[in-house]
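Structure first, commentary second.
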Protein chains: 2
Amino acid sequence: MLAHAQASPTFDTARASALRNAPAPSASSLEGHLSRAPLRSFGAKEHVFTEGDPRANLYRLESGAVCLYKVMPDGRRQVLGFAYAGDLIGLGSSAEHQFNAQATKNSELRILPWSLAQRIARTDPEFGFKLYEAAAQELAAAHDLLLTTGQRTAMESLAAFLLAMARRGRRAKDGHTIIDLPMTRSDIGDFLGLTIETVSRTFTKLRQLKIIDLAQCTQVHVLDMDALEDLAQGEAG
Amino acid sequence: MLAHAQASPTFDTARASALRNAPAPSASSLEGHLSRAPLRSFGAKEHVFTEGDPRANLYRLESGAVCLYKVMPDGRRQVLGFAYAGDLIGLGSSAEHQFNAQATKNSELRILPWSLAQRIARTDPEFGFKLYEAAAQELAAAHDLLLTTGQRTAMESLAAFLLAMARRGRRAKDGHTIIDLPMTRSDIGDFLGLTIETVSRTFTKLRQLKIIDLAQCTQVHVLDMDALEDLAQGEAG
DNA sequence: CGAACCATTGACCACCTTCAATGCGAGTGG
DNA sequence: CCACTCGCATTGAAGGTGGTCAATGGTTCG
């Protein structure tokens with residue numbers, strides 16, 4: 001019998017936390033090169049790149065937030081994740097980007113041309129391995145999201161999502177956690193594979209269950225963290 | 001206005017094709033080390049590793065097929081992908097495996113301890129970059145699957161899945177493609193986020209629409225490839 | 001031959017979507 | 001200052017897609 005370890009509902013969209021968690025805090029080669037790379041600003045709603053663009057650069061988000069998504073011909077959208085400060089953007093193996101990256105607010109990114117990156121990778125053994133760790137981190141996040149879109153109900157999805165956001169926000173106040181949601185209901189819906197109406201209704205249900213409280217629609221107070229965790233794992237009715 | 005490039009319904013589960021497509025056919029370092037790594041056999045239904053196991057080894061599948069999946073506490077299962085000969089298994093950034101890998105038939109895998117891999121990566125610049133490319137390839141597959149589980153209908157999902165399988169099988173006969181499905185309806189369902197009943201019913205509908213024909217339940221004849229492609233992109237009723 | 005597993009089909013129903021109306025807040029211009 | 005608009009969130013009603021439960025048939029294996 002297979003020992004089913006708990007599937008952790010992390011959605012850890014921290015794309016380069018492998019980097020941040022590096023055992024050696026001495027500036028890694030990737031870190032070193034990136035910190036010297038030129039900085040560019042993007043306005044809210046501006047695209048860093050779109051699907052089909054040549055994959056010319058590796059980016060690191062310095063400030064702001066970026067939404068990664070795919071679209072179908074009829075406009076249906078799947079959000080793949082959100083990037084925050086410190087995250088690498090533009091990892092991939094093909095010649096062209098396979099998804100879109102759009103700043104959700106004013107953002108600053110460091111830009112490292114892939115041509116240069118490949119040159120570095122050829123001489124610096126650590127560099128390629130750092131890239132690998134960042135990609136593997138993203139892969140784990142994608143796998144977590146797959147569990148949600150494929151198996152979880154709307155309630156379970158939103159609970160798992162809120163837990164993941166709580167884990168990166170972690171602003172505690174008078175006992176219970178406060179979560180800031182720097183994205184719209186539409187972003188959340190397209191992330192979880194739900195409509196905005198379902199997202200909104202599920203927020204309402206969570207409020208009625210006294211599990212969360214909504215100060216504004218962008219700020220969630222977690223009243224019962226245990227219940228939220230049970231919900232995310234499908235252990236509640 | 002954003003130029004919406006066609007979202008390619010690939011599901012390219014070929015995990016290490018970055019490797020196979022390497023421009024230099026000269027044995028890469030990864031290739032070289034792996035070809036010298038010890039070989040181990042796994043019987044059908046045997047697990048290569050399970051979620052929570054220490055991530056001790058990097059594997060390459062030499063023959064057979066391996067199913068990668070996550071499970072929820074109540075038994076719901078999400079298949080993340082299928083690995084075939086040549087694919088790398090066991091990529092990740094955490095200390096423990098975050099999903100299960102189960103041989104679906106008798107399989108042989110080469111085993112390279114991560115401790116050794118990290119030592120190689122420290123000296124061989126190409127090695128880490130190859131790992132990165134393999135991880136990025138898997139990431140793209142996961143993103144494609146997300147589009148399916150998150151946005152596509154059952155019909156669209158199955159069409160996209162069949163197209164992806166056709167792309168890797170490609171056995172043509174008297175004009176139309178033949179697809180072999182080396183997995184059960186349950187595997188397909190858990191992959192696409194559907195139940196086996198829905199998968200079965202959707203196969204039946206595709207047959208009634210004269211888009212496919214089912215010789216056996218494991219062999220699909222594609223009668224109308226264009227219609228299948230339209231379906232996968234949501235461009236048909 | 002029986003057992004076990006898998007696939008198919010049917011009936012029913014629940015969850016989520018769709019369509020629609022309302023409310024709310026920010027930004028803009030009269 | 002206020003009316004207007006626009007975008008976003010919420011809520012309601014109706015409908016459909018896919019899930020659940022159940023029965024049947026086919027295939028493989030012991």
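Each chain gets a letter, A, B and so on, in the order its sequence line appears, and its residues count up from 1. We use all heavy atoms of the structure for the numbers below, so side chains are in, but hydrogens, waters and symmetry mates are not.
Between Asp187(A) atom CG and dC8(D) atom P there is a gap of 9 Å when expressed in whole angstrom units. Note: CZ (Arg185(A)) to P (dC16(C)) measures 17 Å, nearest angstrom. Atom CG of Leu158(B) is separated from atom P of dT17(D) by 16 Å (rounded to the nearest Å). Spacing between atom CD1 of Ile196(B) and atom P of dC21(D) amounts to 13 Å, rounded to whole angstrom units. For the pair Ile188(B) CD1 and dA7(C) P, the interatomic distance rounds to 8 Å; values are reported in whole Å. If you measure from atom CG of Leu214(A) to atom C1' of dG25(C), you get 16 Å, rounded to the nearest angstrom. The distance from atom CD of Glu156(A) to atom P of dG19(D) is 14 Å, rounded to the nearest whole Å. Here dT17(D) presents its P atom at 14 Å from CG of Leu231(B), a figure rounded to the nearest Å.
Of the residues in residues 200-212 of chain B, those lying under 4.0 Å from DNA chain D by heavy-atom distance are Arg201(B).
At a threshold of 4.0 angstrom between heavy atoms, the contacts of Gly193(A) are confined to the sugar-phosphate backbone, with no base atom among them. Across all strands shown, Thr198(A) has heavy atoms under 4.0 Å from base atoms, whether or not it also approaches the sugar-phosphate.
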Go through it in stages, so that I can follow the logic: the residues are Glu108(B) and Arg60(B), the test is salt bridge (charged side-chain N to carboxylate O under 4.0 Å, His left out), and I'd like the CA-CA distance, side-chain angles, deciding distance and then a yes or no.
CA-CA 9 Å; Glu108(B) 293 175 311; Arg60(B) 187 180 60 183; over 6 Å; no

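Atom CG in Leu162(A) sits 9.5 Å away from atom CE in Met225(A) (nearest 0.5 Å). In this structure, the separation between OG1 on Thr148(B) and CG on Leu146(B) is 9.0 Å, given to the nearest 0.5 Å.
Not counting sequence neighbours, the partners of Asp187(A) by the side-chain contact (heavy atoms from CB on, under 4.5 Å) test are Arg77(A), Phe82(A), Met183(A), Thr184(A). Residues forming a salt bridge (Lys or Arg N to Asp or Glu O under 4.0 Å) with Arg76(B) (at least two apart in sequence, or on another chain): Glu156(A), Asp74(B).
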Footprint string (nucleotides 22-30 of chain D, 5' to 3'): B base within contact, S backbone only, - free, heavy atoms under 4.0 Å
---------

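When side chains are defined from C-beta on, Ile212(A) does not count as touching His221(A), because their heavy atoms never get closer than 4.5 Å.
Ring orientation note: the planes of Phe161(B) and Phe191(B) are nearly perpendicular, at an angle over 60° on the 30°/60° scale.
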What pairs of donor and acceptor atoms, side-chain ones from residues 199-207 of chain A against any protein atom, are under 3.5 angstrom apart with sequence neighbours left out?
{"from": "Thr202(A)", "atom 1": "OG1", "to": "Thr198(A)", "atom 2": "O", "distance (Å)": "2.6"}
{"from": "Thr204(A)", "atom 1": "OG1", "to": "Ser200(A)", "atom 2": "O", "distance (Å)": "3.1"}

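Between Leu88(B) and Glu138(B) the shortest heavy-atom distance is O-OE2, 4.2 Å.
From one end of the helix from dC1(C)-dG30(D) to dG30(C)-dC1(D) to the other, with five pairs defining each end axis, the axis direction shifts by 30° (rounded to 10°).
In this model, the phosphate group of dG19(D) is approached by a side-chain N or O of Thr195(B) to a distance below 4.0 Å at OP1 or OP2.
Using a cut-off of 4.0 Å between Lys/Arg side-chain N and Asp/Glu carboxylate O, Arg40(B) and Glu62(B) are scored as not salt-bridged.
Taking the ring centroids of Tyr69(B) and Phe99(B), they lie at or beyond the 6.0 Å cut-off.
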